[in-house]
Undergrad: 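One structure is given below, represented as structure tokens, and several questions about it will come after.
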Amino acid sequence: MNLPILLLLLGLMVVAAVAAVMIRSLLKSAIALAALSIVLAITLFFLGAPLAALFELSVCAGLITVIFISAISLTGNKPKEEEEEKIRERRARFLKLPIFLLIIGVFVSLAWIANGINISGISDPAAPTFQTFKNLFWNMRQVDILGQVIVILAGAFAVVVLFKERDQA
Amino acid sequence: MDNLLLIITGSWIALPLLVILICNLLDKKTGKSWALPAAIVVSIGQMITTGLGLLQLGLTKSGFINFTIFWNVNDFEEIARSAWASAFFSVDTLSLVVMFAIGMVSLISVLTAKKMNPDKALNFTNLLMVLIMGMNGLAMVADLFSLYVFLEITGVASFILIALYKDKKGLEGSFKYLIMSAMASAMILAGIAIMNAVTGGVTFSHISGLFASGSSLHTFHAISLVLLVAGIAIKAGLAPFHGWLPDAYESAPASVSVLLGGIVTKMAGVYAILRLAQDVFINAKGFNYSLLLLATVSIVYGAVAALKQKDFKRILAYSSISQIGYIVLGAVCGSPLGFIGAMLHFFNHATFKSTLFVNSAALESQVKTRNIEEMGGLAKQMPLTGTSSVLALLSTAGIPPLAGFWSKLLIIIAVWQTGHSLIAGIAVFASVFTLAYFLMIQRKVFYGPAEEKFAGVREVKGGLAVSQVMLSVITVVMGIIFPLVLLFFQTRGMI
Amino acid sequence: MNGLGFNTFIYLVIIPALAGIVILFLPKKERLIKSLLVFAATLFNLITAIRLFGLEETWHTKWGGLSNFGIDFALRTDRLSMFILLAVGAMAFLVAFYSFAFLRDKDYGKGFYFYYLITIAFVNGAVLANNLVLMLFFWEGLLVTLFGMLLLKGRHKYPTAVKALTLVGVSDLALMLGVGVTGFAAGTLMMDKITAIPVEGIAVLGFVMMMLGAIGKAGSMPFHSWIPDAADDAPLPFMAILPGALEKLLGIYLLVRICLPGTGLYEFLPHTPVSTVVMAIGALTIIFAVAMALIQKDFKRLLSYHAISQVGYMVLGIGTALPIGIVGGLFHMVNNAIYKSCLFLSAGAVERQTGTTDLKKISGLGAFMPVTMICFLVAALSISGFPPFNGFFSKELVFDAAMESGIIFYIAALLGAFMTAASFLKLGHAAFFGKPQLPEDKKVKEAPAAMLVPMIILAAACILFGVWNSLPLGQLIQPVLGDAMAGHNYAGWPHTPLLVIISIIVLILAIANHFFGVKRTGKGLGAVDHIHYAPGLHFIYNRAEERWFDPYEILMVISKFFAWIAYGIDRAIDWIYNGFFVWVANSVSKGLKEFNTGKQSQYVIWAVSGLLIVIFVFAVLVK
Amino acid sequence: MDGQGFLLVCVAVPLLGSFILPLVGRVSVRLRNILALLFVLTSFMAAIRLLPQAFSGGNPVMAKLVLPAGFTLGFMGDSLAVFMALVSSFVGALIVFYSFGYIEHYENQNEYYMMVVLFLGAMMGLVFSTNLVLLYLFWEISAICCWRLIGFFREKQIILRADKAFLVTVGGAVLMLLGFISIYAQTGTFDLTAMKGADISNLAVILILFGILSKSATLPFHTWLPDAGVAPSPVTSLLHAAVLVKIGVYVFARLFLVNFNLADIWNVAVPVIAGISALVAAGAALVENDLKRIIAYSTVSQLGFIFLGLSCGSPIGIAGGLLYIFMHGLAKGGLFLCAGIVEHATHTKDIRKLGGLFSAMPVTAIAFLFCGFSVMGFPPFGGFFAKYMVIGGAVDAGQPWIALTFALGAILTIIYLMRAFIKVFLGSVSFPGAKEGSWEMVFSVGILGLLSLLAGIFINIPAELVDSIVSVLTGITIGG
């Protein structure tokens, strides 16, 4: 696979990660985290670890997110001023983070390029050969797919039950 | 695969899904008013289809039925053999028995929920359908990772159900459950990951092949098993992993605690143990012994701790811990008889514990309290509740001729036969404690001089009454027809 | 085995019993029919006993399933049992005759006749039985009639009834155990197949228990103390027939059955420890009972103590295991039955005519009731051992045997004789002589003929058996011993002149003592007050009157003491259930409850500890 | 109908019939009462019908349901079982009849009749069952009935005692179940007929003894029985005479005499336990002041005799023990029913407050006395033979000292029963207005008192039955 796509994916990941940390709403933060997992799963798949990609997708994008959503929905909100105070504090602390990450990223990339490492070559030789993503995803792990569907449903209901009505209440 | 089988197997996932779709896509009012009846239909449907499934199973030689979900893959056989494939569901007797219990308890739960306001009813139904799908999936999977996925579905649905009314207590209980459950998830997931790494696969058949061959335990196997055992023990609520359980049971709404106590935590934890003990870690001594130990501790702890509780539901929660111990004991002692006992006890526990939770709901609705110290002599005003609670408690304590006796008997026999006579002794004697706290309930709530202040109390009607009668009948009938059950398992070749 | 044997045997039991049951169902008013029925039944009984006399037969039939356990319905007659049956028949007939008059105006007549006839049936059965268990059946059955009879005079009399039931019950239970052990030691329960079991090992227990049963029925110490109480509380014919006659006959019958040299159940030899023990019981019974009799101030009560003390002579005589002693004991038994019944009957006559037997209220009755007085005098002289009445001869035989077995027993017997004589001198003097004194508004006449006739017959028998003692000895008693009697004949004048002289000296001393006492106090009733109120003795007498030495009271104290211990054990066990278990369960449960605080962090800590447990299990298994 | 049919009728009619009684009771009280009596009598008649075949010496009647894994369920009408069934159903029928008079003024009659009949049904099932699990099943059904019946009056203290009785008996029973399981682990079956003559481990014997002793209220598991005296009198009578405590001794006979070879040590150990029990209970009976508790302790004490007879190991002792079961059933049933009449009339059970009731209730008093004499073992009452044979049996087995201990216990029996009798029926009149009970009650006690006497006079009839049981048990006919 070609480098630009990889870099693009990595970039997306960084963005998602930063968003997850920085976003004010916990719910949106959790969704950002899910996005991060999805990107990571795609990356893993392209790097030749389809199984890992699949599990990442199931666990992190699906389950963990839903659990986060549930957890968030179960906890109460702090008073508005206090919460904003907290967020301001956190923002100040994490403001330097993107810059820091960017610098490290640049350095690592430069080092890779300098050493001429072929990224596409890293793949687990012991891993079974899966013909296609489609086969893997839709045929071999169709149970998980079903699981994902239900998980997402559950997450949706969690939001419905615990958020929507709370606002009404 | 003939059409009937297709319909049967399909209905286990499709029917709840259909209900969700219909109820949510219809206009709001219709959806809300249809929700609970639809849930009843699903539950009864599940009871019927699992019954048919059991008959169908009798026709097969292998003792299980495999089927795919969305579509048939071309190279099914090859995929099925793969160490990574989770392309199909697989049902055997165990699955069908627990699925029948799921249908039954769901029905009871819905009947108990009859009085809910329509908004809640819709949400409740939605989540119940998710829960049913989760538990059905759990009962049918043949792969460790998929097992985990469905465990989580079950978990998530029950968190939300506990907090359905969003009162402080419910939220707190739910949160405790969630935190402990998250710990469990982490451990289980880590365990699965390590297992995958060291055995090179996650399907049951793949791993069991390795364990059955009797090769010595690798350190990483052991680590994986430790994590799995601990994780599942949390889910099951085995002592000392049980902390969340009484709080969650106590704080849940009545109809939800029927579900939780009757089936959900059993599915999440105990079913997993049953499944793993039967199909996966067949000769894994560490798995068996550590769970034997935990089960014994639970039996004693649950029975003793219940003695001093005041809250009806809390007593039931501790009782659950104790009963879970019995089921696990039967599952991991390593004898087919014990396994059948565990399976039957699973079912019986679903029956009698649901009965008791329904009793608790009935009392709560009529007497407006769950504190047993504040009640007394209610057997006169509430004969149905009184009688059904007597039957359920005797069944729990393992007093013949009720259903609970037989399953407990099989478990104890198996435990003794496999050489754990001391544990068998402890387990048997703990049932005296079980009896003790149930007698305490009876004494303080039902069986006693009639009190003035309860003169106006009336017996419950409708759903609660129906479910009490239904469950009592099942408890008694299961006890009486036990010989036939035994014959059934013989024809199944399980004894 | 012939038909006659069976029929007659079994009718001895059945006829009186049936008659009794018929009486029970007769209406209360039919006095004549009842009397006739009793008369017929007892007469039949007597005639049958006479007809059977000399018959030696056994008869047995299976007793349902019991037979397979060695318990047959087996009867037999031999010389001993025929002799006893005859005595029973005669006494029963006479007392029945007497009761017709005595009970005429009593409302408990029906109950008395019922129990009376059943008692006779049971006594006959016990004597006839050849199987030990069958004997025990009839033997213990007497308890029920005893209890019933003691309650006849009113239900407020129950303390005596219960006392009698308990004491005799204890001795009967001892006999039950004895029968069991004997049957085990001998390998059979058929008495005619058991001879001379050596008294060793387990048989010691059997012997002791059988002995306890026998002397308990006879009313020896320590099973005696109900008899004086019964004298107060029971109808008089009861006293005459049961403690006075039948129970002695039965008890001594068994004693002889056990001890008879050669053919007895146990090997019982002279000069052995067992023999000494039995004699000691006899001697103690004589002394203590007669000492109590000495101080009594009531006609019947005084007699009742004699009823006890006389048993002592029999037990002493038989306990020597010498032929002369056994003959003496049996002879004394017959004599005692005769004169003691006569004495009781005369007491009954006095009671019926004056309404009381309290010696403080009556005296000088001789003038009003001469026939009664004469009968009383004959019997009293007889029991005191004046020659030539029958009591003298039997006592001499016992003295002889006691002398041979140990001088201490002889002295005890002599002491008893002295006090017997002294007490009867006092009794006779107080009741029949001296200044006439009567209860108010009573016109005392002689007793009716129906009461006098039995008394006269008995008094006559006293003289007859004294003067012509070879009749009972030669015909009835000595044959019982069979081979052991070879070369001996104790009939006629006593064979040891020295002992006779000593006895007469003792009697003279008793008379002297009497006159001393009368002189001191000035009245017949106070004749023995100097002994009663002697220093030291006074104290003991007082305690005895307060029932300190009553074995029943002692038994009750022991039982109560034991019962409280047992109750303590019982409560302690109950506490374990009610207190301890509950406390442990509650406190453990409470602890666990407090443990569960609802804090999430704590739950996590537990879970981690659980994880450690699991790791530990694995670690152990991996190694 | 053939033998099997009667066997099933004997068990099923009261068991199933009991459940329709509450329904019938809603319609007609009278019909319910009659039906209850009928059900019990049906059992009795069926048992009588089984008698000839059981005692013919041929193969006993069997009804079986073959199940896997040694779970085969079956009923068998051998002589021992039929004997027990006869005794229980007969005394039970009288007690039901008595209840017509006793219970009519109380609440919860429907439940009462249901439980009583179910109780007797469980007893029938227990005596005929040939399967250890089935045995345990009926055992526990009886415990449930016992629990409900003891708590009949629904007062806090009473219920506590009912709970205690339930817990103690179940505690013993579960240990017994463990014993059964250990036998199962050894033989691979629960079917008694399939493992006849097996040697069982001492551990199993101990475990089973826990159950038996707790059910039959023997030291140190006995205290629930006196406490159970708070139940209505017909119920205590049922517990003591007809059903509950007899279950323990029956199972002892069934398992250790009929089915298994008992190690010799138990022929000494059990009599020793029984002896201690007999003495301690007799002592406690002498101290107690509650009429029913006295009689209850008496039961504990008498059970010691039964155990002695059954366990000492000599045929005469076994016969005595069985005879004792019969005689004690009649007599103790009568005593409790008499106590019930007294309680009914005076509303107290304290013998210190009672007195002089003889003139008010002569039939009851005489019945009490008759039954008392039978328990004391006086001829011509039936108890005599039983007592003699038990004591003689102990001697025969070479244990004269144990026999002596029991003789002491028998002395105490006389003392405490007479104490109870005189304090209640004799002495000064305490309740001048007291009247005799209803005719049903008086009739029942009268019959029991009379039978106690007749059973002694016509001892050959019960002895015949007992003898035939013993000859089957020991395989030989002793003596002639």
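Letters A, B, ... are given to chains in the order of the sequence lines, protein chains preceding strands, and every chain is numbered from 1.
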Undergrad: So which atom in B:F433 and which in C:A585 form the shortest heavy-atom distance, rounded to 0.1 Å?
TA: CE2-CB, 4.1 Å

Undergrad: Look at atom NZ of B:K310 and say whether more than 12 heavy atoms of other residues, nucleotides or ligands are closer to it than 6.0 Å.
TA: yes

Undergrad: What part of B:L294 lies closer than 4.5 angstrom to a heavy atom of chain C: side chain, backbone, both or neither?
TA: side chain

Undergrad: Using non-hydrogen atoms only, which part of C:I613 is less than 4.5 Å away from chain B: side chain, backbone, both, or neither?
TA: side chain

Undergrad: If I measure from the heavy atoms of chain C, does B:V304 come under 4.5 Å with its side chain, its backbone, both, or neither?
TA: both

Undergrad: Any side-chain heavy atom of C:Q600 sitting closer than 4.5 Å to one from B:W244?
TA: no

Undergrad: Is the side chain of C:S589 donor-acceptor paired with the backbone N or O of B:K308 at a distance under 3.5 Å, no angle test?
TA: yes

Undergrad: Working to the nearest 0.5 Å, report the span between NE2 of B:H221 and CZ of C:F618.
TA: 11.5 Å

Undergrad: Counting only non-hydrogen atoms closer than 4.5 Å, does B:M183 touch chain C with its backbone (N, CA, C, O), its side chain (CB onward), both, or neither?
TA: side chain

Undergrad: Is the number of heavy atoms from other residues, nucleotides or ligands within 6.0 Å of CZ (C:F562) greater than 12?
TA: yes

Undergrad: If every non-hydrogen atom of B:G286 is compared with every non-hydrogen atom of C:V617, which pair is closest and at what distance?
TA: O-CG1, 4.4 Å

Undergrad: Please flag which part of B:Y301 lies under 4.5 Å from any non-hydrogen atom of chain C: side chain, backbone, both or neither.
TA: both

Undergrad: Could you check which of C:V608, C:V604, C:N586 has the highest count of heavy-atom pairs closer than 4.5 Å to chain B?
TA: C:N586

Undergrad: Heavy-atom distances under 4.5 Å only: say whether B:L307 touches chain C with side chain, backbone, both or neither.
TA: both

Undergrad: About how many Å separate CD1 of C:I615 and CG of B:L227, when rounded to the nearest 0.5 Å?
TA: 7.5 Å

Undergrad: Run through B:I179, B:L245, B:I234, B:D247 and flag the one making a side chain to side chain contact (heavy atoms under 4.5 Å, CB included) with C:Y603.
TA: B:D247

Undergrad: Hey, could you give me the CE/CG distance between B:M187 and C:L611, rounded to the nearest 0.5 Å?
TA: 5.5 Å

